[in-house]
Every structure is written in structure tokens, then in C-alpha cells.
Novice: 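The structure's right below; bear with me while I get my questions together.
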Amino acid sequence: MSLFTSPKTITISGAAGQLCYSLLFRLAAGDLFGPQQPVELRLLDLPQAQTALRGVVMEIEDCAFPLVQNIVMTDDPAVAFDDADVVFLVGSRPRSKGMERRDLMSANAEIFKIQGQALNEKAKRDCRVLVVGNPANTNASILIRNAPDFDPRQVSSMIRLDHNRALTQLSRKARCQVGEIDRLIVWGNHSPTMFADWSYSRLDGKALSDVILDKSWYCEVFIPEVARRGTAVIETRGASSAASAANAAIDQMRDWLNGTRGRWTSMAVASEGHYDVPEGLICGFPVICENGSFRIIEGLKLDDFQQVMLARTVAELVEERDAVR
Ligand code: NAX
């Protein structure tokens, strides 16, 4: 590492929370930009979380990570977004007892409106933003609306955890390594309506559906298990996914920045009308990443089942959008 390499600024919200307790240490260790790239961490959380955040910062300091050049703790989005190269928006308002879904949506809309404005004003012009905090897709669309100077293609929300969960289920069933499977898609919302779609998946040049040969497993086990995996983790671990979610956040951002070398992955990005998804909805699509950007795979023929499943998750995204409006 050259002493003169300027650090990349990584902004992370919700930094005192449990997901970030996995994410921050991996970012500090170089898992996003590699072992030659110094980083500055800008950690945003609420005023009442600053003491806990201080404790996390003490632990990062105690790791003596060679790549960490500076750490900023703040409760002010304008400070957090200053000069950001990449942003992970993890913090959001969780649903409290008795809270209506509508109230949850509007509390989060307020958070992502303020953060969108700070992003617009303060971040580097080529900054990439990954929204993780739920409802992630709808939060990302609010962020975009409030950052008019940014290309919507600089914002995505996380569907990679669902994609990774689906990959593991498929590889177990097909008795192969996860890396051998290509062209898996997770469509739609990061919610139980998401659609994990194996229709185009390939293993060794063969259609995966011709290798697994069990359509009822696909419809009755695979799709619902991927959709309910987050709940299953909560029931089993007693807490929501944290390390796997942090891993997925890094996977999605790293692929976006470094490319997928022709392989497909799933990203939730603003629709430009693809597959009849209303323009502007942040929806999981199949993409290839190259040159720091992504390209939605176009022209796939969807059969009746795929159309019904996609329409169901898109209807939910429309409903969320309308609730926020
Ligand atoms: P925690 O409740 O442990 O942490 C959330 C943190 O965000 C807290 O420290 C809180 O103070 C902070 N926060 C709240 N409002 C904020 C604001 N306006 N500005 C800055 N910080 C704020 O939750 P955790 O388990 O870390 O999960 C974080 C988010 O990730 C949740 O919304 C969760 O639903 C979401 N997830 C999303 C996933 C995805 O695939 N998109 C999967 C994992 C995860 O469940």
C-alpha cells in the first residue's frame, strides 16, 4: 500500500446496530476495496446511540486495521455524507409494538428524505449508494427522489441476501458448488413476495431445472423457503440476520464496483420500464455489472407462472409507494 494513496470514504448509517457490528469490521479489513486501499469510515447513528457507537469505534481501533486512516462518528447526515465514495444505508426505523405499517412507512420516508438531501449536497458526484434498512426498496426510491442531482442508477437496494440464500438452496439440491450456478434471479421486493426464479439458471451448460428435475420442490419448497428464510433465522437464532446480511451488502457493492465478468446477479434498481415494472419502482432484476455500472438483462420471455409471481411482488411495491405518497 502506498502512503500516498488517498482513502476511499465509506459512509455507513445505523452504525451502532447489530448488522453493522459485522459490516464495519469487514469494511475496515479491506473486504470491499481490497488490501491496498486505505479507507475513512463515516459512521452515522441517532444521538441516543452515540455512546454505543463509541464502543464500536473503540473496538475498531483495538483491531489496529492498517487500512483505516480515519473514523468519524456523527448523528448529522451532512457530516456523514461529506465526500462519500460509497454509502451503506443500514439504519432505519423498526416497527414498534402497535405501529401501523403506514406509520412505519412514513417514519422511514422522513429518514430517507433527509438522507437523500444530505447525499445530494455532500457526497462525491460518482458515489454509489446501497440501501439495506427496511423497507429497503421503498426507502431507496425516496432517497432517489430527494437526491435530484444523482442518477437513479447510482442507488440500489439490497436483494443480494435473498440471492445468496437461494444459491445455497439450489447448490445443495443439485449437489454442486454455489459458484457453478449462474443465471439465478431474485425478482421484486425484499419481502416475502420476492420471487426466486431458477428458469434461466444453468449448471455446467445445462438448465438447472433439467438437473434437479423436481418442479414441485421448486414451487413448494424452494421459493417459499427463500422468501421465509429471514423469519426462520429470527426464530432459530433469536435475532435477525446480521453477518449474512453484512456479507451480502459487501457482495452487492463489490460486484457493482468491480463487475461480474459476464455472470448474472440480482440487484434491486430503479425500473426503466423493464418487464412492465412501473418506471421508478426499485425492483429486483437480473443484472450484469461492468465498468462500475450495471445492465439489466433484457428480453427474457416470462411464462405464465413467472408473470404471476412478478406481478404479485410488483403490486406490493406499488402499494408501498402509494402508502408513502
Ligand atoms: P438494529 O436495530 O440493530 O440497528 C439499527 C440501527 O440504526 C440502530 O443503531 C439505530 O439507532 C440506527 N438508526 C435508526 N434510525 C436511524 C437514522 N435515522 N439514522 C441513522 N441511524 C439510525 O438493526 P439491524 O439488525 O442492524 O438491521 C438494520 C436494518 O437492516 C433493519 O432495517 C433491517 O430490517 C434491515 N435488514 C435488511 C436486509 C435486506 O436484505 N435488505 C436483511 C437484513 C436486515 O434485516
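Just follow the structure's listing: the first ligand is 1, and inside any ligand the first atom is 1.
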Novice: When you measure from atom 43 (C) of ligand 1 to every protein heavy atom, which one gives the shortest distance, and what is it?
Specialist: A245 CB, 3.5 Å
Novice: Please determine if L19 has a nitrogen or oxygen closer than 3.5 Å to a nitrogen or oxygen of ligand 1.
Specialist: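 Among all N and O atoms of L19, at least one is under 3.5 Å from an N or O of ligand 1.
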Novice: Could you tell me which atoms of ligand 1, counted from 1 in the order shown, lie closer than 4.0 angstrom to a heavy atom of G91?
Specialist: 7 (O), 13 (N), 22 (C)
Novice: For the residue pair F33 and L27, establish whether any side-chain heavy-atom pair is separated by less than 4.5 Å.
Specialist: no
Novice: For atom 37 (C) of ligand 1, find the nearest protein heavy atom and state the residue, atom name and distance (0.1 Å precision).
Specialist: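 Answer for atom 37 (C) of ligand 1: V132 O, 3.0 Å.
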Novice: Which of the numbered atoms in ligand 1 are below 4.0 angstrom from a heavy atom of M158?
Specialist: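 Matching atoms, with element in brackets: 39 (C), 40 (O), 41 (N).
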Novice: Which atoms of ligand 1 have any heavy atom of S240 under 4.0 Å away?
Specialist: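 Contacts of ligand 1 toward S240, numbered from 1: 25 (O).
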Novice: Run through R183, K301, Q306 and flag the one making a side chain to side chain contact (heavy atoms under 4.5 Å, CB included) with S199.
Specialist: Q306
Novice: Between E290 and R295, is a salt bridge (charged side-chain N to carboxylate O under 4.0 Å, His left out) present by the stated rule, with each step listed?
Specialist: CA-CA 8 Å; E290 53 204 355; R295 168 167 66 79; 3.3 Å; yes
Novice: According to the interplanar angle, ranging from 0 to 90°, do the rings of W217 and W198 count as parallel (below 30°), tilted (30 to 60°) or perpendicular (above 60°)?
Specialist: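 W217 and W198: tilted rings.
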Novice: Within ligand 1, which atoms have a heavy atom of A16 less than 4.0 Å away?
Specialist: 9 (O)
Novice: Before you tell me yes or no, could you show the steps for R321 and E319 under salt bridge (charged side-chain N to carboxylate O under 4.0 Å, His left out), namely the whole-Å CA-CA distance, both residues' side-chain angles and the distance that decides it to 0.1 Å?
Specialist: CA-CA 5 Å; R321 180 195 64 192; E319 198 186 296; over 6 Å; no
Novice: Are there more than 12 heavy atoms of other residues, nucleotides or ligands under 6.0 Å from atom OH of Y200?
Specialist: yes
Novice: Any idea which protein heavy atom is nearest atom 17 (C) of ligand 1, and the distance to it?
Specialist: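 Going by distance alone, atom 17 (C) of ligand 1 is nearest to L46 CD2, 3.6 Å.
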Novice: Could you establish whether Q115 and ligand 1 come within less than 4.0 Å of each other, counting only heavy atoms on the residue side?
Specialist: yes
Novice: I'd like to know if atom 2 (O) of ligand 1 has any protein heavy atom within a distance of less than 4.0 Å.
Specialist: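 Protein heavy atom within 4.0 Å of atom 2 (O) of ligand 1: absent.
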Novice: Counting each atom of ligand 1 from 1 as listed, which ones have a heavy atom of I111 under 4.0 Å away?
Specialist: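 Taking each heavy atom of I111 in turn, ligand 1 has 18 (N) under 4.0 Å.
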Novice: Could you tell me whether N291 atom CG has more than 12 heavy atoms of other residues or ligands within 6.0 Å of it?
Specialist: no
Novice: Looking at atom 28 (C) of ligand 1, what's its closest protein heavy atom, distance included?
Specialist: V90 O, 3.4 Å
Novice: Contact between P94 and ligand 1, counting heavy atoms under 4.0 Å?
Specialist: no
Novice: To which protein heavy atom is atom 39 (C) of ligand 1 closest, and what is the distance rounded to 0.1 Å?
Specialist: H190 NE2, 3.2 Å
Novice: Taking N or O atoms only and a 3.5 Å limit, does Q18 qualify as a polar contact for ligand 1?
Specialist: yes
Novice: Run the numbers for me: atoms of ligand 1, each under 4.0 Å from some heavy atom of G133, listed by number.
Specialist: 29 (C), 30 (O), 32 (O)
Novice: Considering distance alone, does some N or O of S241 sit under 3.5 Å from an N or O of ligand 1?
Specialist: no
Novice: What residue and atom, counting heavy atoms only, is the protein's closest point to atom 5 (C) of ligand 1, and at what distance?
Specialist: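 That would be G17 CA, 4.2 Å.
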Novice: What's the separation between atom CD1 in I297 and atom OG1 in T265, rounded to the nearest 0.5 Å?
Specialist: 10.0 Å
Novice: Measuring from E316:CD to C283:SG, what's the distance to the nearest 0.5 Å?
Specialist: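 With rounding to 0.5 Å, CD (E316) is 11.0 Å from SG (C283).
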Novice: If you measure every N/O of N134 against every N/O of ligand 1, is any gap under 3.5 Å?
Specialist: yes
Novice: Among all protein non-hydrogen atoms, which one is nearest to atom 21 (N) of ligand 1, and what is the separation to 0.1 Å?
Specialist: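 Looking at atom 21 (N) of ligand 1, the protein heavy atom closest to it is G14 N, 3.4 Å.
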Novice: Say whether L161, considering both its backbone and side-chain N or O atoms, lies within less than 3.5 Å of an N or O atom on ligand 1.
Specialist: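 Min N/O separation from ligand 1 is not below 3.5 Å for L161.
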Novice: Under a 4.0 Å heavy-atom limit, does S92 contact ligand 1 with its side chain, its backbone, both, or neither?
Specialist: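 S92 to ligand 1: contacts from backbone and side chain alike.
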Novice: Mind running side chain to side chain donor-acceptor pair (under 3.5 Å) on R165 and S241 for me, showing each step along the way?
Specialist: CA-CA 11 Å; R165 287 167 171 165; S241 308; 2.9 Å; yes
Novice: I would like to know whether S156 and Q252 meet side chain to side chain donor-acceptor pair (under 3.5 Å); could you show each step before the answer?
Specialist: CA-CA 9 Å; S156 77; Q252 184 163 332; 3.0 Å; yes
Novice: Salt-bridge test for D182 and R202: reply yes if a basic N is under 4.0 Å from a carboxylate O, no otherwise.
Specialist: no
Novice: Can you check whether F25 reaches I60 side chain to side chain, under 4.5 Å on heavy atoms?
Specialist: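 F25 reaches I60 side chain to side chain.
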Novice: Here's a test for you: under side chain to side chain contact (heavy atoms under 4.5 Å, CB included), which of I212, V211, L208 qualifies with K173?
Specialist: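 When I212, V211, L208 are each tested with K173, the side chain to side chain contact (heavy atoms under 4.5 Å, CB included) holds only for I212.
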Novice: What's the shortest distance from atom 8 (C) of ligand 1 to any protein heavy atom, and which residue and atom give it?
Specialist: D45 OD2, 3.7 Å
